[in-house]
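All chains are named by letter (A, B, ...) in the order of the sequence lines, taking the proteins before the strands, and each is independently numbered beginning at 1.
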Amino acid sequence: MSLNRIDLELGEFVSAYNCPPPTPREEMWEAIAAARSPRPARRWGWPPAGVGMAATFLIGMLIGGGLPGGTDQGVVAVPGDATALALFDPETARHLARVDLLLRAIRDDAGQNVLASDVTESARRLLAETRFLVDLPPQDQLPEVTELLHDIELVLAQIAVLDGEADRDELRLVEEGIDAREVLPRLHHFALTL
Amino acid sequence: VDDNLLVERVLNGHQSAERLLYDRHVDRVFRLAFRMCGDEERARELTQRAFIRVFERLRQFRGHAALSSWIHTVATSVIMNGLRSDARSDRRNAPLELAHKEAAWPQLPEPGLRERLHAAIDTLTEQRRTVFLMHDLEGYTHEEIGEMLGIAAGTSKAHLHRARVALRAELADYAEEYA
């Protein structure tokens, strides 16, 4: 009796057993938040496409320098002195490094009009971490870092709503979002400083 | 983000921290729940209940084990208890269960081995099936399984071995057709 051939098929068939669908994370999160709190649940879900477009619009305004608080063209906000840098949390540094990698990958994808399949999922994970870091008490974070994290949050929120079928226009908008607030140069500066 | 900081922030009521904790672990918990029950609605309920329990009991986390191990131990307990409750209910409604199973097993493109394999997995004892699904399908180590199920890693290995033997025995006559 030969079980070898069976063994080959077993691996494939076993993995098909109760094969899980994509995790319905937003629906479950809303149910969990509702069950745990009598107050209305603060929605931490990923923004619907309309909100993503609003973020794009806001970034677009910032490109044109139309809102206060945008950096001057060609000028990058950076941490100023060594004392301040000593406060720079290593967890935040690692997070910024991961964001840097993702955004550079997206820039490459945008140049080729494709989007890697795991980019959106990575953006969603990084968005949750970014929001966590944004929420830290002000004394635990450099103001420049907090400002950068806010900008990263906007950009990641835009990416998190993309699906695998993102077209060229959507990718271009993402790319503009990355460029608009000079996120990559600022990330690069942090990496060099550290 | 460091687990200790994350726990501290969750305990202080920061929803961004709760969300981050949830995001980090929900996929694995949901996948296991679905593997165990094979029903999306039920897997959702069990996953939700698991995270509600995690947040309720997070103050009991002492940091002796990794946060991920602790979360998955709590989640596994919720899932197993939920499925045991389902099984009790199913026994009371045996004819309904049969109809449900037939409905949930549509004609598959490869008749024979796959259906028989899946049916054989369903008939494993609870412990063997759980260890088999966790180890062979979801990639948990025996050490993780042992911690989550409250058994020794060696016992987990033994359960897995017996599960595989049982599956082979169930399919042995099928193999003869290939001989």
Side-chain angles (χ1 to χ4, degrees), chain A residues 1-37 39 41-46 89-92 94-95 98 121 124-137 140 149 153 160, chain B residues 1-2 5-6 9 14-24 26-40 43-45 47-52 54-56 108 110 113-118 121-122 132-133 136-138 164 167-168 171-179:
Chain A
M1 178 174 65
S2 168
L3 285 174
N4 290 340
R5 189 165 169 188
I6 292 262
D7 284 342
L8 286 176
E9 294 190 21
L10 277 183
E12 180 189 336
F13 292 163
V14 163
S15 63
Y17 178 82
N18 289 349
C19 188
T23 307
R25 63 175 64 211
E26 297 313 319
E27 297 92 326
M28 290 195 296
W29 175 249
E30 288 189 10
I32 292 165
R36 295 186 60 237
S37 172
R39 59 193 156 82
R42 181 180 172 189
R43 189 181 167 87
W44 270 102
W46 313 110
D89 174 35
E91 296 283 355
T92 308
R94 281 192 285 274
H95 175 70
R98 287 194 292 269
E121 183 56 32
R124 291 158 69 105
R125 290 181 192 283
L126 289 172
L127 181 54
E129 291 205 13
T130 302
R131 286 172 169 165
F132 174 85
L133 294 170
V134 164
D135 259 6
L136 287 175
D140 289 356
L149 287 169
E153 183 183 1
Chain B
V1 174
D2 174 65
L5 176 62
L6 185 57
R9 299 284 292 172
H14 293 273
Q15 210 166 15
S16 62
E18 293 176 356
R19 175 68 199 221
L20 181 56
L21 183 146
Y22 167 83
D23 265 3
R24 282 185 174 180
V26 66
D27 281 338
R28 225 171 170 205
V29 171
F30 177 76
R31 286 183 63 85
L32 180 62
F34 191 90
R35 288 283 194 195
M36 296 291 292
C37 72
D39 177 83
E40 182 168 352
R44 279 190 198 198
E45 290 168 8
T47 304
Q48 287 163 197
R49 202 183 299 170
F51 275 96
I52 290 168
V54 162
F55 288 128
E56 282 172 354
L108 296 169
E110 305 91 350
L113 180 56
R114 177 154 84 170
E115 289 155 309
R116 289 187 54 182
L117 173 63
H118 290 189
I121 294 172
D122 284 338
F132 176 75
L133 296 180
D136 278 12
L137 277 75
E138 291 302 312
R164 288 173 173 169
L167 292 179
R168 280 173 170 267
L171 304 170
D173 63 317
Y174 194 92
E176 287 171 3
E177 294 174 23
Y178 285 112

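If you measure heavy-atom distances from Arg9(B) to chain A, the contacts under 4.5 Å come from the side chain alone. Heavy atoms closer than 4.5 Å to chain A are found in both the backbone and the side chain of Glu18(B). Heavy atoms closer than 4.5 Å to chain A are found in both the backbone and the side chain of Gln48(B).
A donor-acceptor distance shorter than 3.5 angstrom exists from the side chain of His118(B) to the backbone of Phe13(A), with no hydrogens or angles considered.
By the side chain to side chain contact (heavy atoms under 4.5 Å, CB included) test, Arg31(B) is found to be paired with Pro20(A), Arg35(B), Glu138(B), residues two or more places apart in sequence or in another chain being considered. The ring pair (Phe, Tyr, Trp, His ring centres under 6.0 Å) check on Phe30(B) picks up nothing, with sequence neighbours excluded.
Of all the heavy atoms in Asn18(A) and Cys37(B), the pair that sits closest is ND2-C, 4.1 Å. A pairwise comparison of heavy atoms in Ile52(B) and Ala35(A) identifies CD1-CB, 3.5 Å as the closest pair.
A salt bridge links Asp27(B) with Arg125(A): the closest approach of a Lys/Arg side-chain nitrogen to an acidic carboxylate oxygen falls below 4.0 angstrom. Ion pairing between Arg24(B) and Glu129(A) holds under the 4.0 Å rule for side-chain N and carboxylate O.
Counting heavy atoms from C-beta outward, Ile32(A) and Phe55(B) have side chains that approach closer than 4.5 Å. Considering only heavy atoms from C-beta on, Tyr17(A) comes within 4.5 Å of Asp122(B) through its side chain. Inter-residue side-chain proximity for Arg131(A) and Leu20(B) is flagged as unmet; no heavy-atom pair is nearer than 4.5 Å. Residues Leu6(B) and Phe132(A) are in side-chain contact: their nearest non-hydrogen atoms beyond the backbone lie under 4.5 Å apart. A heavy-atom distance below 4.5 Å is not found between the side chains of Arg36(A) and Phe51(B). Contact check for Arg25(A) versus Asp23(B): side-chain heavy atoms found under the 4.5 Å cut-off.
For the set Ser15(A), Pro21(A), Pro22(A), Ala16(A), the entry with the most heavy-atom pairs within less than 4.5 Å of chain B is Pro21(A).
Rounding to the nearest 0.5 angstrom, the gap separating the CD atom in Glu27(A) from the OG1 atom in Thr47(B) is 12.0 Å.
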Full working for salt bridge (Lys or Arg N to Asp or Glu O under 4.0 Å) between Arg19(B) and Glu26(A): CA-CA 10 Å; Arg19(B) 175 68 199 221; Glu26(A) 297 313 319; 2.8 Å; yes
